[in-house]
Amino acid sequence: MPFTLATWNINSVRLREGLVARLMADEGPDVLCLQECKSPVEKIPVETFRALGYTHMVARGQKGYNGVAIISKLPLEEVGARDFASLGHARHVAARLPNGVVIHNCYVPAGGDIPDREQNEKFGQKLDFLTEMRDHFFAEKPARSILVGDLNIAPREDDVWSHKQLLKIVSHTPIEVEHLAQAQDAGKWVDITRQDIPSGLLYSWWSYRAADWDAADKGRRLDHVWATPDIANAGHGSRILRPCRGWEQPSDHVPVFASFDI
DNA sequence: ATGGTCGCATCGCGA
């Protein structure tokens, strides 16, 4: 059962219901994982998605902040949701496809502006979230699994517009990159986007604050698709849909796609 | 070095 999957930090699923519908109609991934839905689950506009063939959803929500949803043309069996770092936030949910593949949809805390847990509690929460992800995937080794989401870290030098200028900027500091690597190693997760596109600059996010995001092109690759080694070789066709950043009233993130021939 | 823009629980906070 080959399938295509996308991950997208939508920054309010209700405000951008039309953009989600456009992506569904234009690209039609079998599974769409959203982060920052900023909505209680019961207020997600599922009827719009259902009309486009997306008849299944597994989600966690809160009013105003966070929120993750797996929306699918294929049946989903809810696997559960974790509260890494015990923040009480809706930042993870997992579901199983009919072929047995488990999809983890994650929204790692952004971590505030100061990369020091003594001065900035949110930075500590980000590191703790990643540590608990590591411990969880070490204790329960994932198999036939995919992990996607806004991980809020751009790990590689070619995942940011300027490695040197971002070394002390939250999302690209060495300590965050190390914490992400440990979470990745614990589950033996393979970075599918970089398996498909091994070199060159790749961004999935551009700040709203740039006067001209396209011309300045000061992007970062914060959104990721990982898979366990037993299915990683089935992954292919990764794409990052940069044009979505230019849509009217866009999210600051764009969708990241991958396909799996399983 | 600073400030810049979004979304919403909207005049403050998180991103």
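Order of the sequence lines sets the chain letters (A, B, ...), proteins ahead of strands, with each chain counted from 1.
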What do the steps show when you test R91(A) against D83(A) for salt bridge (charged side-chain N to carboxylate O under 4.0 Å, His left out), and what is the final call?
CA-CA 7 Å; R91(A) 292 183 177 275; D83(A) 181 16; over 6 Å; no

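Among the candidates E178(A), Q184(A), H179(A), the single residue satisfying the side-chain hydrogen bond (donor to acceptor under 3.5 Å, both in side chains) test with Q182(A) is E178(A).
dG14(B) and dT10(B) have their C1' atoms separated by 12 Å, with the value rounded to a whole Å. Nucleotides dC8(B) and dG3(B), compared at atom C1', are 22 Å apart to the nearest Å. Comparing the P positions of dA1(B) and dG7(B) gives a spacing of 31 Å, expressed to the nearest Å. Comparing the C1' positions of dA15(B) and dA9(B) gives an interatomic distance of 15 Å, to the nearest angstrom.
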Check: residues 51-58 of chain A side-chain donor-acceptor pairs under 3.5 Å, at least two apart:
from   : atom 1 : to     : atom 2 : distance (Å)
Y54(A) : OH     : P29(A) : O      : 2.5
H56(A) : ND1    : L74(A) : O      : 3.4

Quiz: residues 17-26 of chain A side-chain donor-acceptor pairs under 3.5 angstrom, not counting sequence neighbours:
from   : atom 1 : to     : atom 2 : distance (Å)
E17(A) : OE2    : T48(A) : OG1    : 2.5

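Ring orientation note: the planes of F3(A) and F260(A) are close to parallel, at an angle under 30° on the 30°/60° scale.
Cation-pi geometry between R221(A) and W205(A) is not met at under 6.0 angstrom from the ring centre and within 45 degrees of the axis.
Heavy-atom distances to DNA chain B give each of S12(A) and E36(A) a nearest nucleotide, and the one nearer the 5′ end belongs to S12(A). Mapping K38(A) and K122(A) onto DNA chain B by nearest heavy atom places K38(A) closer to the 5' end of the strand.
Residue-level contact check: Q249(A) touches the backbone only, with heavy atoms under 4.0 Å from sugar-phosphate atoms and none from bases. Across all strands, R245(A) comes closer than 4.0 Å to no nucleic acid atom at all (heavy-atom distances).
For DNA chain B, the outermost nucleotides in 5' to 3' order that have an atom under 4.0 Å from a heavy atom of chain A are dG4(B) to dA15(B).
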